[in-house]
Amino acid sequence: MTRGTTRLVAGAATVLVAVSAAACSTEKDRVPSIGYAVNGPITTYNAGTTEGAYSAARQAFSRVLPGFTMVGPGGTAVADTDIGTVTEVPGQQQVLTYAFAPAAVWSDGVPMTCDDLVLAWAARRGNTETSATAFDAAETAGYTDIERIDCVPSQKEATVTFRADRPLVDRESLFGPGTILPAHVAARTAGVPDVTSTLAGGDPDAVGRLAEAWNSGWTLPTGAVDPAVFAASGPFRVESFSADDGLVLVPNDAWWGVPPQTDRVVVWPSGIDLAAKASTGDVEVADLLGGAAVPDGFAAAAQPSFGVEQLIFATSGVFVDPAARRAVASCVPRTALFDAHGHPGYEAETGRGSGVVDSRVMLPGTLPYRSVASVAADRYRTTDVAAVTAGLAQAGLTEPTVRIGYRGPDARRAAIVADIAAACGPLGIDVVDASSDTLSPLALRAGEVDVLLAGTAGGFGPTGTATPGSARTALLGGQNVNLGGYANGRVDELVTRLAVDGSDATALSAGTDVERILWDDLPTLPLWNVPVVTATASGMRGVDANPSVAGAGWNMDKWVFVR
């Protein structure tokens with residue numbers, strides 16, 4: 001491919017480059033540094049905090065902090081046996097044995113042990129009864145279903161026992177990339193002997209210090225990064241970070257697996273001048289949202305992601321009454337919006353990306369989806385003037401102003417908001433574009449906007465996997481990723497049932513019941529699968545387009561750039 005052309009490739013499993021570097025280049029052809037542009041901020045090493053969940057941490061650090069699984073291009077969890085193995089223990093109660101590989105060590109030489117799993121579980125199960133300082137976990141689903149972890153401090157193996165009534169269906173999603181952080185670093189920061197005995201001892205002050213260490217101890221500094229704090233467990237480690245020079249990743253000399261294929265990856269956060277960086281050779285790979293400008297000379301794979309674009313409503317302010325949410329939803333022409341903005345660069349006839357999405361708890365293309373989605377029937381497909389009028393009257397609203405937020409600049413989402421404003425304005429609803437280049441999804445919780453236009457769980461960048469766990473978690477009361485503050489006990493009950501019963505019968509019955517409630521309460525209005533693009537410069541090898549939350553960075557240790 002020549003440098004002066006741009007190629008769009010459609011297909012959910014598109015492989016941008018399938019030819020091995022060895023087959024087409026020599027060592028002297030390889031460029032030792034690759035630039036990777038992500039579509040989110042980079043502020044923290046810890047993707048599990050609320051801040052981390054709404055950053056690009058999962059894209060940037062998937063091969064710096066790997067887990068027992070990784071999310072592949074198919075959106076499913078793939079075992080990462082370099083880290084270790086997971087074995088199911090026969091018996092009536094769900095029990096799993098996690099064993100770190102004998103050679104698995106942190107970049108500072110400290111072995112990876114079961115203490116690292118205990119910290120991940122303690123933090124992600126949420127608040128503890130023994131500490132006034134809570135772990136700021138973005139979501140706790142799955143980890144709250146663990147009854148206990150049996151761990152002898154400093155040992156390689158842990159036994160994870162799930163609650164007798166909560167055998168998890170999607171247990172592969174646990175302890176994946178970004179979830180396992182160095183427990184010995186947290187212990188040192190907190191001033192405790194080790195994580196496991198501290199948590200077992202229940203000293204509120206000690207546990208509180210440990211929570212604070214997990215919450216804020218891995219905030220990225222500007223400049224050189226202390227390797228004793230930012231210990232890595234993957235093929236790359238962090239060397240430095242700054243706004244001008246990006247996040248610099250270099251090979252981890254302590255890595256026991258296949259070495260990375262390039263000597264340096266520089267990850268650039270959102271907000272950079274991508275065209276300029278690409279023209280100067282500072283960026284060779286980019287995760288983009290559909291409709292974004294592809295740098296000149298880059299090949300691009302456009303496809304529907306596993307995340308669902310949606311309007312996420314606040315449940316306070318102008319939207320404290322569900323009738324107000326129903327009124328706004330009734331003026332949103334979902335079908336027309338999909339036709340105009342929902343599939344830039346590709347056409348999908350069936351399944352993911354083929355039309356508007358009518359379920360929040362089942363994924364398009366899966367067996368239960370069609371039946372569960374039928375609850376919506378033709379509701380909220382086109383503008384319904386009578387429903388808008390009735391909803392506003394029921395909510396007691398006259399000419400309300402609705403601020404829709406998203407992270408800009410984003411020409412496609414700007415056009416979506418403009419079309420919604422054009423549809424709703426004549427019906428007495430003033431829709432305002434409240435985007436900014438620094439907008440956080442947490443702005444909805446803070447009352448700075450009334451609606452978010454975002455992907456699954458409120459993410460502005462890559463979201464979703466081939467399982468609907470994160471989408472369902474975002475509907476649970478009390479979860480930090482439940483940005484609108486929606487709470488419904490019956491929804492909680494149904495969603496938690498779906499997490500432990502994967503039968504078709506339960507999927508149909510519980511899924512249908514929960515959607516009946518959600519289409520009346522309308523905490524969100526699903527639109528369509530978020531369109532995404534993976535763009536690569538001519539000469540890139542080994543980049544697999546990944547339309548999941550992991551983005552292209554899921555296998556960056558395999559990347560090679562040749563001239």
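Everything numeric in this text was worked out from a predicted model, so none of it was measured.
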Practice prompt. Mind listing the closest non-hydrogen atom pair of Ala47 and Arg124 along with its distance?
Written response: C-NH2, 4.1 Å
Discussion item. Quick test of your reading: applying side chain to side chain donor-acceptor pair (under 3.5 Å), list the pairs with at least one residue in residues 416-433, sequence neighbours left out, ordered by first then second residue.
Written reply: His341-Asp419, Tyr406-Asp433, Asp433-Ser435
Response to the item:
Quick note, ring-ring contact (aromatic ring centres under 6.0 Å, His included) partners involving residues 408-436, not counting sequence neighbours, are none
Item to complete: State, without any angle test, whether Ser55 and Glu51 hold a side-chain donor-acceptor pair at a distance under 3.5 Å.
Response: no
Worksheet item: Hey, does Leu311 have a side-chain heavy atom less than 4.5 Å from the side chain of Val328?
Response: no
Fill in: Gap separating the CZ atom of Phe319 from the CG atom of Leu397, nearest 0.5 angstrom
8.5 Å
Worksheet, complete the sentence: When rounded to the nearest 0.5 Å, the distance separating OG1 of Thr50 from CZ of Arg445 is 6.5 Å
Practice prompt. May I have all residue pairs that pass side chain to side chain donor-acceptor pair (under 3.5 Å) and include part of residues 481-491, sequence neighbours excluded?
Written response: Tyr486-Asp521, Asn488-Asp521, Arg490-Glu493
Discussion item. What's the separation between atom OG in Ser330 and atom CG in Leu427, rounded to the nearest 0.5 Å?
Written reply: 10.0 Å
Worksheet item: Any side-chain donor paired with an acceptor under 3.5 Å for Glu139 and Ser470?
Response: no
Discussion item. Quick check: closest heavy atoms across Ala141 and Thr473, and the distance to 0.1 Å?
Written reply: CB-OG1, 3.2 Å
Worksheet item: For Phe460, what residues pass the ring pair (Phe, Tyr, Trp, His ring centres under 6.0 Å) criterion, not counting sequence neighbours?
Response: none
Worksheet item: Are there more than 12 heavy atoms of other residues, nucleotides or ligands under 6.0 Å from atom CG of Asp378?
Response: no
Worksheet item: Are Phe135 and Tyr143 close enough that their ring centers fall under 6.0 Å?
Response: no
Worksheet entry | Minimum heavy-atom distance Val318-Ala324, with the two atoms named | O-CB, 3.4 Å
Fill in: Leu220 side chain near Ile42 side chain, heavy-atom distance below 4.5 Å
yes
Worksheet entry | ring-ring contact (aromatic ring centres under 6.0 Å, His included): pairs with one or both residues in residues 365-397, sequence neighbours excluded | Tyr380-Trp519
Worksheet item: side-chain contact (heavy atoms from CB on, under 4.5 Å) between Asn546 and Thr534: does it pass, once the steps are laid out?
Response: CA-CA 8 Å; Asn546 189 332; Thr534 307; over 6 Å; no
Worksheet item: Any side-chain donor paired with an acceptor under 3.5 Å for Thr524 and Arg360?
Response: yes
Discussion item. How long is the straight-line distance from CG of Asn529 back to OG of Ser354, given to the nearest 0.5 Å?
Written reply: 8.0 Å
Discussion item. Quick check: do Trp528 and Val308 have side-chain heavy atoms less than 4.5 Å from each other?
Written reply: no
Worksheet item: Just checking, is any N or O donor in the side chain of Ser503 or Thr506 under 3.5 Å from an acceptor N or O on the other one?
Response: yes
Item to complete: Measure the shortest side-chain to side-chain distance between Leu289 and Asn39 over non-hydrogen atoms and say whether it is less than 4.5 angstrom.
Response: yes
Item to complete: Over all heavy atoms of both residues, which pair between Ala53 and Ala138 is shortest? Give the atoms and the distance, please.
Response: CB-CB, 3.5 Å
Worksheet item: Passes side-chain contact (heavy atoms from CB on, under 4.5 Å), Asp450 versus Phe313? Steps please.
Response: CA-CA 6 Å; Asp450 306 301; Phe313 295 102; over 6 Å; no
Practice prompt. Kindly compute the distance separating CD1 (Ile146) from CG (Leu168), expressed to the nearest 0.5 Å.
Written response: 8.0 Å
Fill in: Salt-bridge contact Arg413-Glu309 (side-chain N to carboxylate O under 4.0 Å)
yes
Discussion item. For a salt bridge (charged side-chain N to carboxylate O under 4.0 Å, His left out) check, start with the C-alpha distance between Asp358 and Arg334, then their side-chain angles and the critical distance, and finish with the verdict.
Written reply: CA-CA 10 Å; Asp358 284 330; Arg334 286 198 301 151; 2.7 Å; yes
Worksheet entry | Shortest non-hydrogen contact from Ser270 toward Pro41 | OG-N, 3.5 Å
Item to complete: Taking side-chain hydrogen bond (donor to acceptor under 3.5 Å, both in side chains) as the test, write out the residues that go with Asp410, two or more places apart.
Response: none
Discussion item. Just by distance, no angles: are the side chains of Ser359 and Glu515 close enough, under 3.5 Å, to form a donor-acceptor pair?
Written reply: yes
Worksheet item: Regarding Thr49 and Asp136, is there a side-chain donor-to-acceptor distance under 3.5 Å anywhere?
Response: no
Worksheet item: Hey, are the side chains of Phe61 and Leu247 touching, using non-hydrogen atoms and a 4.5 Å cut-off?
Response: yes
Worksheet item: Would Trp554 and Asp544 satisfy side-chain contact (heavy atoms from CB on, under 4.5 Å), going step by step from the backbone distance to the final call?
Response: CA-CA 9 Å; Trp554 78 282; Asp544 287 354; 3.7 Å; yes
Worksheet item: Does the pair Gln303 and His343 meet the rule for a side-chain contact (heavy atoms from CB on, under 4.5 Å), with working shown?
Response: CA-CA 8 Å; Gln303 58 185 307; His343 52 108; over 6 Å; no
